[in-house]
Amino acid sequence: MSERVLGGGALGESAALAVAPAGQVGEVGTADEVGQVGEVRAAPGAGPQTAATSVLSGVGVSAGTAIGPVVRMTSPEPLPPPRPVADAAAERSAAERAVAELAADLAARAERLSGEAKEILEALAMIAEDPTLGDDVRRRVAAGTDAPHALTEAFDAQADLLREGGGYLAERAADLEDLRDRAVAAVLGRPIPGIPDPGHPFVLVAADLAPADTANLNPDQVLAIVTERGGPTSHTAILARGLGIPAIVAAAGATGIADGTNVAVDGTSGTVTVGVEPAANSADVPHARATRAARTQVDLADLGPGHTKDGHPVSLYLNIGSMKDVRTGAQGAGLLRTEFLFLGRKDSPSRAEQHAAYLELFNAFPGARVVIRTLDAGADKPLPFLALPDEENPALGVRGLRTARLRPEVLDDQLAAIASAAEAAACEVWVMAPMVATPAEAADFAARARAHGLQHVGAMVEIPAAALRAARLLEHLDFLSIGTNDLGQYTMAADRQDGRLPDLLDPWQPALLELIALAAEAGRAAGKPVGVCGEAAADPRLAAVLVGLGVTSLSMAAAAVPAVHAELSARTLRECRELAEQARDALDPAQARALASRS
Ligand code: PEP
Ligand code: MG
C-alpha cells in the first residue's frame with residue numbers, strides 16, 4: 001500500500017513530538033464542549049475576539065470546533081515555458097541550492113520522527129542528495145536546459161527508474177514527484193506545494209483537497225480543515241468525518257486568510273471566525289487530543305446490536321476505508337470502500353497486495369459481516385493506474401462498475417483477491433459493485449463474483465434507475481445497499497462536490513426518500529436485505545425514517561453509531577413507519593425534518 005510521506009502521511013507523525021511555538025498551539029473540542037463559535041461568541045480558550053475579527057460562512061461537514069493558526073495549502077503550479085539559459089553557472093547553482101535545501105529539510109524532519117516514518121524520510125533525503133540526481137541536473141543545465149526544467153526532467157527520470165523497479169520502489173515514485181514539485185517551487189521562488197508541515201498544530205486552508213490528501217492527514221497535527229470548494233457528501237468530507245477532524249467546505253474567501261492568522265472553526269455551524277486570540281496555552285493540547293480521541297476511538301461493544309424500542313433488529317455497521325476507521329465492538333462493516341486503499345496509485349495493486357490489505361480489514365471483524373465494495377473509481381476518486389480517459393462530465397461517465405468495461409481484468413483481479421482473502425478470513429464476506437444501473441449489469445457482476453467463489457453478491461443503489469428497477473436487480477443479487485450520497489446527487493441533478501447546492505443534496509429530500517422506499521420494498525418482497533450506507537444513515541432522526549421505510553441495516557462512520565443506536569432504541573418500528581410516512585408526504589426537506597422532529 002502506498003503511503004505518501006510528504007503530504008502529511010508518515011511525515012505527519014511528527015506532530016506528536018513537535019513543540020508548537022507559544023501562541024500557536026491549537027485547541028480542539030466538540031461543539032458541545034467549547035461552545036458554538038460565531039459572530040457574537042468566542043470559543044472558550046480563544047480569548048476575546050479582536051476588533052479585526054470577521055466571520056466566514058461555509059457548509060459544516062464534520063462536527064467539532066478548533067482554534068489555531070491558519071496554514072494554507074498550495075497546489076503545484078504549471079511549469080513556465082522553457083527559457084534560454086544566459087548564465088549556466090548561476091543556473092546550476094540555483095538548481096543545486098534547491099536540491100540541497102530540500103535534502104536538508106527532509107533530514108531535519110526525519111530528526112523529529114521515529115520508526116518507519118523516520119526511515120522513509122531519511123531514504124528520501126538520501127535520494128535528494130544522490131550524486132546521480134545532482135549529476136543529471138548539472139548535465140541537463142550544461143546542455144542548455146533551465147533549472148526548473150532540468151530539475152523536473154531529472155526527478156522524473158529517477159521516478160521512472162523506481163517505477164520500473166516495481167513493488168515497494170514503485171510506491172516511492174509518487175514521493176519523488178512530491179520532491180520534484182517542492183524543488184521546482186523552491187527554484188522558482190513559489191510557495192512549497194502539498195500538505196504543509198509547519199511543525200505545530202494548524203488549521204489547514206485550501207481551495208480544495210483531493211481525497212488522497214485528506215486520507216493522509218494526521219489528526220494530531222491538522223486541527224481543522226477549511227476549503228473554498230467541496231460539497232457535504234464529497235469524499236473529502238467523508239474522510240474528514242472518519243478522522244474526526246472538524247471541517248467546513250464551500251467557505252468563500254478562505255484562501256485569502258493570511259498564514260499564521262488565528263481562526264476558530266466550527267464544523268457544526270460552518271463558521272470560521274478569523275482573527276481570534278491564540279488558544280491559551282500548550283497545556284490545552286493533551287486535553288484537546290483526548291477529546292478527539294474520545295470521539296474517534298469509541299468502543300462499540302457496550303452498545304450491543306442495533307434495534308428499535310420494540311426489539312426489531314437493525315444492524316448498525318461501520319463505513320471503513322482503512323484500518324484507521326475500524327473500531328472494536330462493531331456489528332460489522334457495511335461498506336468497505338476499497339478505492340480508498342489505493343487512491344492516487346499509479347501502478348495497479350497486485351493480487352497479493354490486495355489480498356493482504358483486505359485480509360487485515362476482514363480480520364478486524366471476527367465472526368461479523370464485512371461488505372466489501374469493488375473499486376469505485378472516477379469523478380473525484382482518481383485511480384491513475386486505471387488510466388481512464390479524461391471526461392467532460394466525470395460523474396456521469398465511466399466510473400464505478402463501468403470502469404470494468406474498459407479494464408475487465410482489474411475487476412477480475414480484485415474479485416480473485418477478495419475471494420482468497422475471504423477464504424482465509426474469520427468473518428462473513430459480502431461483495432458489492434458500485435454504480436450499478438441496470439439488471440444486466442447486476443447479472444454480469446453477480447456471475448463474475450460467483451465465478452470466483454464469492455457467495456453473497458450485491459449492488460449499490462446509487463442511480464435512480466437502480467432504485468426504480470430494484471426488484472429486477474434482486475433477481476440476480478442477494479442484497480442491495482443504498483448509497484444516498486450518489487442517489488441524492490443523481491436524483492436531484494446536483495453535484496455532490498458543489499457546496500452551493502446543499503438544499504438539493506439534503507438527504508431529507510422527499511424524492512430521495514421515495515426512491516429508498518422503492519428499493520426497500522423490493523427487498524421486502526424478495527426476502528433479501530436492503531441497507532443504507534450513504535451519509536444519510538448517520539443522521540439519527542433520518543435513520544429512524546429509513547428504518548420506517550423498510551431498510552434492514554444502516555452503515556456509517558463509527559462516531560455516528562452511538563447516537564443512531566440511541567435514537568432507534570427510543571422508537572418502536574411503528575413509530576419509525578409513521579415518521580417515514582410523514583417525511584415522504586412532506587413538501588420539502590425542511591418540512592420533512594420539522595415533522596419528524598415533532599414526533
Ligand atoms: C454513496 O454514494 O452514498 C456511497 C456510500 O458511496 P460513495 O460515497 O463512496 O460514493
Ligand atoms: Mg457512491
Side-chain angles (χ1 to χ4, degrees), residues 61-62 210-212 214-215 230-242 247 249 316-322 325 333-343 370-383 394-403 430-437 441 445 458-467 470 479-498 504-509 511-513 515-516 519-520 530-539 542-543 546 551 553-558 560:
V61 293
S62 179
T214 315
T233 53
S234 64
H235 291 95
T236 289
I238 290 168
L239 285 161
R241 276 195 285 276
V249 299
L316 300 182
Y317 296 129
L318 300 190
N319 285 355
I320 58 172
S322 73
D325 302 322
L335 170 61
L336 193 179
R337 289 180 165 102
T338 55
E339 63 280 0
F340 282 1
L341 293 165
F342 307 114
L343 283 173
V370 176
V371 184
I372 181 168
R373 180 175 74 183
T374 54
L375 293 172
D376 183 19
D380 75 324
K381 289 184 286 192
L383 293 181
L396 301 182
V398 181
R399 56 162 296 198
L401 179 65
R402 300 165 186 189
T403 60
W430 291 21
V431 65
M432 65 181 176
M435 300 295 294
V436 171
E441 286 179 352
F445 177 74
M460 299 273 298
V461 174
E462 304 177 278
I463 301 175
F479 69 97
L480 295 174
S481 182
I482 303 172
T484 47
N485 310 332
D486 276 316
L487 190 57
Q489 146 164 279
Y490 296 121
T491 300
M492 306 307 290
D495 186 349
R496 64 190 274 191
Q497 300 282 96
D498 195 334
L504 295 179
L505 289 164
D506 191 324
W508 286 83
Q509 281 287 355
L512 176 62
L513 301 180
L515 288 170
I516 295 170
V530 175
V532 169
C533 64
E535 293 300 294
D539 170 342
L542 188 49
L546 296 173
V551 308
S553 66
L554 299 166
S555 192
M556 65 207 75

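Quick caveat: nothing in here was measured; it's all calculated off a predicted structure. Ligands are counted one by one from 1 in listed order, and the atoms in each one are counted from 1 as well.
Across all their heavy atoms, Val249 and Pro232 have their closest contact at CG2-N, 4.4 Å.
Close approach to Met460 involves these atoms of ligand 1, each under 4.0 Å from a residue heavy atom: 4 (C), 5 (C), 6 (O). Counting the atoms of ligand 1 from 1 in the order shown, those under 4.0 Å from a heavy atom of Arg337 are 4 (C), 5 (C), 6 (O), 7 (P), 8 (O), 9 (O). Applying the 4.0 Å criterion to heavy atoms of Arg373 picks out, from ligand 1, the atoms 4 (C), 6 (O), 7 (P), 9 (O). Atom numbering of ligand 1 starts at 1 in the shown order; those under 4.0 Å from a heavy atom of Gly534 are 3 (O), 5 (C). Under a 4.0 Å criterion applied to the non-hydrogen atoms of Leu335, ligand 1 contributes the atoms 5 (C). When each atom of ligand 1 is checked for a heavy atom of Ile238 under 4.0 Å away, the hits are 8 (O).
Put simply, the side chain of Ser555 gets close to the backbone of Leu318: a donor and an acceptor are under 3.5 Å apart.
Between Met556, Glu535, Arg399, Arg496, it is Arg496 that holds the heavy atom closest to atom 8 (O) of ligand 1.
Not one N or O of Glu339 is nearer than 3.5 Å to an N or O of ligand 1, by distance alone.
Side chains of Gln497 and Gln489 form no contact here, defined as non-hydrogen atoms less than 4.5 Å apart. Considering only heavy atoms from C-beta on, Val371 stays 4.5 Å or farther from Tyr317 through its side chain.
For atom 7 (P) of ligand 1, the nearest protein heavy atom (residue, atom name, distance) is His235 NE2, 3.2 Å.
Contacts between Asp376 and ligand 1, counted as non-hydrogen atom pairs separated by less than 4.0 Å, involve the side chain only. Residue contacts with ligand 1 for Leu487 are absent, since no atom lies close enough (heavy atoms, distance under 4.0 Å). Residue contacts with ligand 1, taken as heavy atom pairs separated by less than 4.0 Å, do not involve Asn319 at all.
Between Asp376 and Arg337 there is no salt bridge, since none of the side-chain N atoms of the basic residue sits less than 4.0 Å from a carboxylate O of the acidic one. Using a cutoff of 4.0 Å between basic side-chain nitrogens and carboxylate oxygens, Arg399 and Asp486 are scored as salt-bridged.
When distances from the Mg ion (ligand 2) to the N, O or S atoms of Glu462 are compared, OE2 comes out shortest. Distances from the Mg ion (ligand 2) to the N/O/S atoms of Asp486 are shortest for OD2.
Of the inter-residue distances, the one linking Met460 atom CE with Thr374 atom OG1 reads 10.0 Å to the nearest 0.5 angstrom.
Between His235 and Phe340, the two ring planes are perpendicular [angle over 60°; tilted spans 30° to 60°].
For the side chain to side chain contact (heavy atoms under 4.5 Å, CB included) with Gln509, the qualifying choice from Leu513, Leu505, Leu512 is Leu512, the only one to do so.
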